[in-house]
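Written below as structure tokens is the structure these notes are about.
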Amino acid sequence: VTGAAIESHLDLLLRPLPLSHASIFDAIRSDGPVQWAPHLRAWLVTGYDESTKLLRHPAVREASGEELWRKLDGIAGIDSSATLKMLPYFPFWMGGAEHKRSREALTEIAKTLYGEIVDQAGRLAQGYLEEARRAGGFDLAENFASKLYPEAIFHALGIGPDKRASLRQVHELAAIFEAPRTTAQYRRIGQEFAKSHDILSSHVKESLRSGASSLIRAIAAVTPVAEDDSQVDAIARTLALLIATGSDTISGAIAYGVYELLSESGRDIEQKSWPEVAADVMRHVSSIVAMRRELTADIEIAGVHMRSGDPVVFAIIAANHDAALCGEDPHRIAIRKCGIGLAFGTGAHVCIGLRIGRSILHSALSALADAPRLRLGGEPVASDSPAIRVCKSMPMEFI
Ligand code: HEM
């Protein structure tokens, strides 16, 4: 059940994806949409139909890192306490009634957040581009894509420029969604959780006193407070969750989206028409590259028998480039009927920030569509995350 194509890519999904990933996944999928990947010690799912079916299957369960964080506490300087306090606010690993409660609250919060930040992100996009035009070029990843979502949130929260600088690293908390590989990475995530919590909780305290931020009031009205926590802590942790989940995902979709639009994949689309293909850009980039789950029962799919307890990795980006989803020429960006595929997941854990993510990508592409013609000024530099496609740097020039 392991094909030759997997055997020749033994670091796949353990490192950031190469820019030309499509042919690798095509080769793996043609060996079989579900295969054992020895280097991941998990089943690797690359087919769209199989991914959709399994992600909605009742015997496919969230894989939590909580036990590992407990075990690592105190080892090699790792302090797990801030991370463990954060986990009760992260719905990714919850199931049943606890998950339902958390999702209900987060869905309400996402509605308020949408109303508060989406127009602001559009204004920011236009402002950053005006600056870039004056300068004759810009780093699209660093000074555009990665700023829109967090800066719009900081604005909604009334967080001043002095505190923003120290909160810029909160997006790194997204590292919690992937298995860190070294003790240094665990140590850093633990420290980042503690530091961002101190800054956010002191801001929340001030803001609750003044009543200045309607976003904080909305979170206060619906967020369940975990045992041994205060309302201030619960709000601060929910804010960290919102910043961590949306920042790199949106930034990656914009930066790699523009990269693909300027490459062979976007050959047929003129810059002024970029907003019209925003949904297909989202499908094509799939900034959450892969997700992990565990089986709670034996499952047979695509002729493969998987056993209860087996880990499964879903290569969302591969599923989104499967002809079974979007028909011919899946690596080309086009106006299509198939929508965004699995870019925001499916089933019980489907993304609560879907409207926000789609809207900000659309605003970013609209602002870029009105700008003079763009071309790459150098190769993009990827961040070191294997699970989220984030770009650290992408120099751009106006023609
Ligand atoms: C382009 C932007 C985004 C992409 C591609 C994306 C992708 C995803 C995916 C694939 C999942 C499913 C994870 C799983 O099944 O394990 C997910 C879940 C989630 N997303 Fe997003 N997301 C984006 C933006 C956002 C934003 C802006 C927010 C916050 C407002 C957010 C908050 C969440 C939360 C809280 C969950 C967990 C839901 C649950 O477990 O029930 N996401 N996202």
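For ligands, and for the atoms within them, numbers begin at 1 and follow the listed sequence.
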**Item:** Short side-chain donor-acceptor distance under 3.5 Å, Arg389 and Ser286
**Value:** no

**Nearest-0.5 Å distance, CD1 of residue Ile340 to SG of residue Cys326** = 13.0 Å

**Prompt:** Do Val277 and Leu365 touch side chain to side chain, with heavy atoms closer than 4.5 Å?
**Reply:** no

**Prompt:** Do Lys111 and Glu108 meet the salt-bridge criterion of a basic N to acidic O distance under 4.0 Å?
**Reply:** yes

**Prompt:** Salt bridge between Lys147 and Glu142, side-chain N to carboxylate O under 4.0 Å?
**Reply:** no

**Under 4.0 Å from ligand 1, counting heavy atoms only: the protein residues, by chain and number** = Pro91, Phe92, His99, Arg103, Leu113, Tyr149, Leu242, Thr245, Gly246, Thr249, Ile250, Met282, Ser287, Ile288, Met291, Arg293, Ala343, Phe344, Gly345, Ala348, His349, Cys351, Ile352, Gly353, Ile356

**Prompt:** Is Asp73 salt-bridged to Arg70, cutoff N-O under 4.0 Å?
**Reply:** no

